[in-house]
Structure formats: structure tokens, C-alpha cells
Amino acid sequence: MYNYTEFDTAFLAERNAQFRAQVERRIAGHLTEDEFKPLRLMNGVYLQLHAYMLRVAIPYGTLNGAQMRQLALLAETWDKGYGHFTTRQNIQYNWPKLRDIPDMLDALGEVGLHAIQTSGNTIRNVTADHFAGAAQDELADPRPVAELIRQWSTDHPEFQFLGRKFKIAITGAEQDRAVTRAHDIGLRMVERDGEIGFEVLVGGGLGRTPLIGKAIRDFLPKADLLPYLEAVLSVYNLLGRRDNKYKARIKIMVHEHGIDDIRDRVEERFAAIRPSFSGIDQQLLAQIEPQFAAPDFLATDLAAYDATYKRDPLFRAWADTNLTAHRRDDHAIVTISLKAHGETPGDASAAQMRIMADLAERYAYNELRISHEQNVILPHVPRGYLPEIHAQLRKAGLATANVGLISDIIACPGMDYCALATARSIPIAQEIATRFDDLKLEHEIGELKIKISGCINACGHHHVGHIGILGLDRAGVENYQITLGGDGTETAAIGERAGPGFSADEIIPAIERLVLAYLDLREDKSETFLQTYRRTGLAPFKAALYPEAKAHAA
Amino acid sequence: MPRAFTPKVVTASDLLEGDVIYLTESDDWTRELSQAELITDEAHAQLRLLLAEQQPDIVVGPYLADMANGPDGPEPVHFREAFRRKGPSNYAHGKQELASNV
Ligand code: HEM
Ligand code: SF4
């Protein structure tokens with residue numbers, strides 16, 4: 001866990017004081033909204049449909065108990081008692097008042113959290129594998145590098161006014177849990193001749209023009225990372241389009257110029273600036289690294305775990321779906337589902353946040369993570385503590401055994417909150433979860449990722465959902481379009497549009513037909529929805545979605 | 001013949017609270033759509049919008065929203081305005097918290 005230096009603390013306090021003064025000037029009428037808006041956005045403050053919204057960064061998704069408790073305090077003191085965890089490892093508060101926001105930022109500062117660069121055309125919160133440091137398939141913990149990138153990119157004078165927002169994701173593992181291929185820059189740690197470096201992917205992104213990132217460098221030595229990132233950013237800053245907001249992301253630049261041309265330009269720029277990096281960044285990294293050292297793992301007695309697993313079917317169901325193998329056999333990674341059936345995906349109440357903080361402090365080396373799938377992770381848990389943890393989660397309504405299943409849905413805020421939305425997403429997620437819970441089918445269905453966005457901006461990652469749902473406004477009525485076969489992992493793919501959209505009433509039955517078709521089509525239980533889709537293609541799913549079309553053709 | 005003008009209200013977000021407000025006939029702002037001034041004339045609509053735009057210390061982002069003339073005053077014709085009038089659908093927060101709006 002990174003601990004703020006005096007410099008960091010002073011910087012944050014000054015920045016918060018600056019924003020407090022800006023809010024006062026806005027309220028006093030000395031700043032117009034046009035002048036104030038970019039200032040508030042730089043500090044994570046949006047104006048949504050019903051209220052302001054404050055977006056707080058959770059850098060590379062890592063939190064300790066005290067920080068989680070502070071998030072609970074903010075929810076209770078200045079919001080309506082809950083917070084919404086998002087696909088970008090942020091937390092959003094939906095109801096703050098303008099006058100209160102400077103106090104909220106100060107309270108965050110007390111525990112080393114902030115909202116800087118969670119909005120605006122800057123380098124956003126760097127996201128990382130939520131199992132970092134704990135996963136079995138990991139080469140190295142990516143978070144020290146993520147922290148280095150955060151320090152380098154925060155307030156970097158050259159990159160405060162980019163053509164558009166810029167998102168970086170990093171993973172140190174084989175399996176890509178950070179969706180690196182859908183980011184402006186994706187970094188994958190790889191090993192060559194015993195040395196760890198990065199595969200650098202560039203030009204991925206979702207939104208109106210979804211594109212999968214392309215490899216610009218197969219192997220970048222670790223020490224070259226910041227100059228290389230700076231080279232990519234400065235090529236983008238100069239060459240990227242500024243004439244059209246929708247064409248201003250780096251993905252469009254890569255698409256229009258071709259990856260080879262961009263690679264040449266980046267290498268040229270890199271050669272020019274590399275000498276100016278004297279190695280201070282590597283010294284800094286060396287200071288950061290020990291702060292992410294693994295905890296002193298405890299050996300615990302596994303008897304309690306084994307006995308409970310045999311005896312308690314609820315515990316067994318939870319353990320089978322919500323635990324992931326840890327790099328140590330006597331530990332597990334716990335995913336706490338924020339997707340109780342019928343609840344809002346990603347929401348946690350202040351009381352739930354406190355319970356999670358307690359559990360982390362008492363049983364899990366004081367570490368928590370937020371996943372892009374809108375769940376909370378305890379990355380290092382001695383197996384012997386699992387029965388107790390499960391019992392406490394149950395009491396708090398946090399023991400839903402559905403991680404990776406059909407009700408573990410990503411949904412953006414949609415038109416319930418977002419001013420850009422064209423339709424709602426939350427109620428669709430709630431209804432799908434409730435429906436399949438009623439059918440008691442979700443464990444039978446197995447791994448299936450549904451992702452829902454309330455407009456073409458794709459904050460809910462619908463393009464990379466096995467089933468993606470996009471909410472649109474068709475002549476004044478909410479309408480939902482389905483995409484199939486998307487994938488956000490190392491085998492990334494953009495989903496294919498299945499056909500005409502469905503009304504709010506039709507969408508749940510349509511999803512049900514789709515899933516029942518899968519159960520018929522799969523070769524056996526081990527073939528997942530995505531595998532079946534890849535084997536059969538769109539046609540049989542399309543037939544299930546649009547039975548009347550088939551009838552007409554017959 | 002000129003195209004029929006869809007009735008409108010002037011609506012915005014409150015600067016301090018961030019919540020939805022509507023312009024009334026008496027030049028005040030209300031939180032209840034039923035109290036808003038329903039504007040039926042295009043030229044008058046532009047004047048009313050101008051009035052709102054001149055109050056940046058009170059309101060943010062004023063615009064004209066299409067409405068129908070209902071028995072209890074202006075009624076949304078599009079679902080976005082219906083949500084703004086009511087609040088989100090996942091919790092009883094926003095305007096629906098006020099009894100008079102339920
Ligand atoms: C006030 C609410 C929000 C606004 C105004 C907003 C705005 C946008 C816009 C305009 C884009 C498209 C960018 C482009 O194509 O260039 C976008 C993309 C995206 N946003 Fe949001 N968003 C909001 C909430 C969220 C939330 C809640 C999340 C996380 C759950 C999120 C995560 C993302 C992601 C992952 C993308 C797609 C990746 C990409 O940037 O290409 N956003 N957002
Ligand atoms: S996808 Fe659209 S509706 Fe959903 S949060 Fe993003 S901008 Fe808002």
C-alpha cells in the first residue's frame with residue numbers, strides 16, 4: 001500500500017484549498033459556469049440529472065480499511081448513505097451539494113484519497129488487475145508501476161489539456177482482468193530472457209467507435225516505461241484530432257494513420273527524449289516497490305474451512321463461485337459481490353463499507369480492492385478465516401454467490417443518474433438478475449458476462465460483454481440493442497450486433513430466449529456461453545432472439 | 001402556416017443543490033413541475049430562456065423542455081423529463097422523496 005510522502009500530502013491540501021476558493025468564487029458569482037466547469041471537472045465534480053456527482057479515484061483499485069471507512073463516512077455525512085463503485089475503479093457519490101464538496105475532498109485527503117483527474121481531458125485514474133499481488137498467474141505485481149504512472153501523470157503540465165481523456169490499464173498476469181485491450185494504453189508485464197518488461201498496446205477503446213488495442217511494442221524494458229509513455233502521449237497530443245470530439249481519442253489516430261506509422265513516430269520521439277530521463281524515475285520506483293510488498297502471510301488451520309465446506313451448502317456455493325486460487329495454497333482471494341439479486345450493481349451502503357473495512361482489518365491484512373466488475377475484493381485471506389468471513393458477509397447482505405454468473409452484471413448509471421444517457425440501465429440489470437434467480441438457473445448456466453450501458457459512450461463496457469445491452473432512445477421510447485460475443489480478456493473481441501432492438505418490456509424475455517438457446521446449443525456443461533457462441537456463430541442465437549423472423553422466412 | 005409550437009417550460013439545475021428547477025410565471029424558480037410556467041409561444045419562450053440565462057448565480061444549464069398541457073399543469077412528453085421530475089428508479093431519492101410529488 002502506497003503511503004503518501006509529505007510532498008503528496010502538501011500537494012493535495014493545496015489543490016483542495018484551490019478548489020475550495022474556486023467553489024466560493026463560483027457561488028459569489030465571480031466565475032461563470034463556463035469558467036467553472038473545467039475547474040470542477042478537474043476535481044471530479046459532475047452535474048448529473050438530479051444532483052452533482054463526485055467521482056473519487058481508487059488508484060489501481062487498492063484501498064485499506066481506514067480508507068474504506070472514510071468512504072463510508074462521506075456517504076453518510078454528505079450523501080444518501082451509499083456509494084457507487086464503477087468500472088474504472090472509482091467510487092461515485094450521486095447526491096453531494098456544491099458547498100459540501102470541498103469538505104468531502106478534505107476528508108478524502110485525510111486518508112490519502114482524491115478526485116484529481118477523474119474527469120477532463122487528462123490521464124485518468126490508472127486501473128490495474130484487481131487480483132494484483134495475489135493471483136496465481138502473475139509475473140509481478142503491477143501496482144508499483146501504476147503508482148509511478150500516477151505520480152508522473154498527476155498535474156503533468158504537458159498533459160492537462162489533451163485532445164480527449166486518456167485511460168491506462170496495467171496487468172502483471174497471464175489472464176487479462178484489467179481489460180487492457182480496451183484502453184488508450186494497455187500495459188501487460190511480460191518476461192524476456194529473465195527480464196521483466198511490458199507489452200505495450202495502444203489505441204483500444206469503447207464508446208461510439210469500439211476498437212481493440214494494437215501492440216506497438218512487444219517488449220519494452222521496465223526502465224524505458226515513462227519516456228516511452230511520454231513519447232506516445234506527445235505524438236498523440238500533436239497528431240491526434242481536435243476538430244471533432246468523437247474522433248479525438250488516440251484509437252482514431254491509430255486507426256487513421258495505421259499502427260506502423262504511429263510506431264515510427266513514437267520511436268523517433270522516444271529516441272529524442274529518452275536521454276532526458278536520468279534515472280530518477282527508477283529511483284522513485286525503487287522507493288515505491290517495498291510499499292507494495294506482500295504481507296507476512298499467516299499459516300492458519302484449514303480444518304474449520306474443510307468442515308464448513310462439507311457441512312454448509314450455502315458456504316459451499318459461495319466458496320465455489322466467489323473464491324479464486326491465491327498464489328499460496330493456504331490462502332484465497334475473496335470476491336465480495338455487490339450484485340445481490342435485485343439491487344443496483346456496484347452500490348454499497350455505508351454500513352456495508354464498514355463491515356468490509358472491518359473484515360479486511362481483522363482477517364485480511366488490511367487490504368481491499370475494487371474490481372472493474374463493480375465488486376470488492378479481499379485479495380489475501382487465510383483459508384481458515386473463510387467461514388467466519390462468510391458468516392459476517394451474510395449478515396450484511398454481502399454473501400451473494402454469483403461472481404462471474406449471469407447476475408454479476410456490469411451496469412452504468414444510465415438515465416437514472418447520468419445526464420448523457422439515452423435510456424436506463426440499472427432496472428434492466430435488476431430485472432435480469434431477479435428473473436434468473438427466480439428460474440434458479442444461474443449456476444446451471446455458468447460463466448456469463450452481461451454488461452449494460454445507457455448510451456453509446458459504453459461506460460458499462462457493453463461491447464465486451466458476452467451479452468452486451470445498449471440502451472437507446474427510439475422515437476421517445478427506451479429501446480435496448482443486444483450485442484453478442486464480446487470479450488474483455490486476453491482474447492478480446494468486440495460484440496456483434498444481433499439485430500433490431502427491444503423495448504423495455506421485451507428485453508428480459510429476449511435475454512431469456514437467448515440463454516435458453518445457449519443451454520440447448522452447448523455441447524456439455526463445460527462449454528461456456530462465449531465458447532458456444534464462438535463455435536456456432538450468431539445464427540442460432542439470432543433465431544432464438546427473433547423467432548417471428550424465422551417464421552416469416554419459413 | 002407556421003409549424004405548431006410544442007409547449008415548453010424553462011428548466012435548469014440549481015447551482016447550490018444541483019437539483020432540477022423550473023421557471024414560474026412570477027419569475028421565481030420552483031422544484032415542482034406543476035408550478036412551472038407553461039409557455040405556448042415561441043417568441044415568449046426565447047425571452048423566458050434569456051431571463052434564466054441571466055441568472056448564472058442561481059441556475060446552471062437552463063434550457064427549454066417540451067411539455068404537454070395536463071390537468072395539473074405541465075406534463076413531460078419525453079421520459080428524460082419524466083425522470084427529472086421524479087428521481088431515479090432504483091431508490092426513492094430525488095424529488096419523489098417529497099410527499100407532494102409522489
Ligand atoms: C456523469 C457520468 C458519466 C459521464 C458524463 C461519462 C462520459 C463518458 C463519455 C462521454 C464516454 C465516451 C468517451 C469517448 O468515446 O471518447 C465515456 C466512456 C467511458 N466511461 Fe463514462 N461517463 C460517466 C460515467 C461513467 C461511469 C459511472 C463509469 C464506470 C462505471 C464510466 C466509465 C467509462 C468507460 C469504461 C468508458 C469506455 C471506455 C472508453 O473511454 O473508451 N463512466 N464516458
Ligand atoms: S454509458 Fe452513457 S449513460 Fe452510461 S454512464 Fe456512460 S455516458 Fe452515462
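Since the structure is predicted, the reported quantities are computational estimates derived from the model, not experimental observations. Note that these values count all heavy atoms, side chains included, but never hydrogens, waters or copies made by symmetry. Each chain gets a letter, A, B and so on, in the order the sequences are listed, and its residues count up from 1.
The contact between A/Arg424 and chain B is made entirely by side chain atoms (from C-beta outward), counting heavy-atom distances below 4.5 Å. Only the side chain of A/Tyr82 comes within contact range of chain B, judged by heavy atoms closer than 4.5 Å. Contact annotation for A/Ile426: only side-chain heavy atoms (C-beta onward) come within less than 4.5 Å of a heavy atom of chain B. With a 4.5 angstrom heavy-atom cutoff, A/Glu478 touches chain B via backbone and side-chain atoms both. Heavy atoms of A/Tyr417 lying under 4.5 Å from chain B belong exclusively to its side chain. For B/His78, the part lying under 4.5 angstrom from a heavy atom of chain A is the side chain only. Neither the backbone nor the side chain of A/Val23 comes within contact range of chain B; no heavy atoms are under 4.5 Å apart. Heavy atoms of B/Ser13 lying under 4.5 Å from chain A belong exclusively to its side chain.
Considering only heavy-atom pairs separated by less than 4.5 Å from chain A, the leading option among B/Lys86, B/Arg84, B/Arg80 is B/Arg80. Taking A/Asp347, A/Asn94, A/Thr32 one by one and counting their heavy-atom pairs under 4.5 Å with chain B, the maximum is reached by A/Asp347. By number of non-hydrogen pairs under 4.5 angstrom with chain B, the leading residue of A/Pro427, A/Ala28, A/Gly414, A/Gly476 is A/Gly476. Chain B forms more heavy-atom pairs under 4.5 Å with one residue of A/Lys97, A/Arg99, A/Lys80 than with any other, namely A/Lys80. Put simply, of B/Ile58, B/Leu15, B/Asp57, B/Asp14, the one with the most heavy-atom pairs under 4.5 Å next to chain A is B/Leu15. Your options are A/Leu98, A/Asp100, A/Thr422, A/Ile27, and the one with the most heavy-atom pairs under 4.5 Å with chain B is A/Leu98.
Taking every heavy atom of both residues into account, B/Val59 and A/Arg26 meet most closely at O-NH2, 4.1 Å. When every heavy atom of B/Val60 is checked against every heavy atom of A/Tyr52, the shortest pair comes out as CG2-OH, 4.2 Å.
A/Met415 has its side chain within reach of B/Phe79: a pair of non-hydrogen atoms, C-beta onward, lies under 4.5 Å apart. Inter-residue side-chain proximity for B/Asn90 and A/Gln430 is flagged as met; some heavy-atom pair is nearer than 4.5 Å. For the pair B/Tyr91/A/Asp416, no side-chain contact is recorded, criterion being any heavy-atom separation below 4.5 Å from C-beta on.
Atom NZ of B/Lys95 is separated from atom NE2 of A/His50 by 9.5 Å, given to the nearest 0.5 angstrom.
The number of heavy atoms from other shown groups lying within 6.0 Å of CD (A/Gln18) is above 12. Within 6.0 Å of the CD atom in B/Glu42, the count of heavy atoms belonging to other residues, nucleotides or ligands does not exceed 12.
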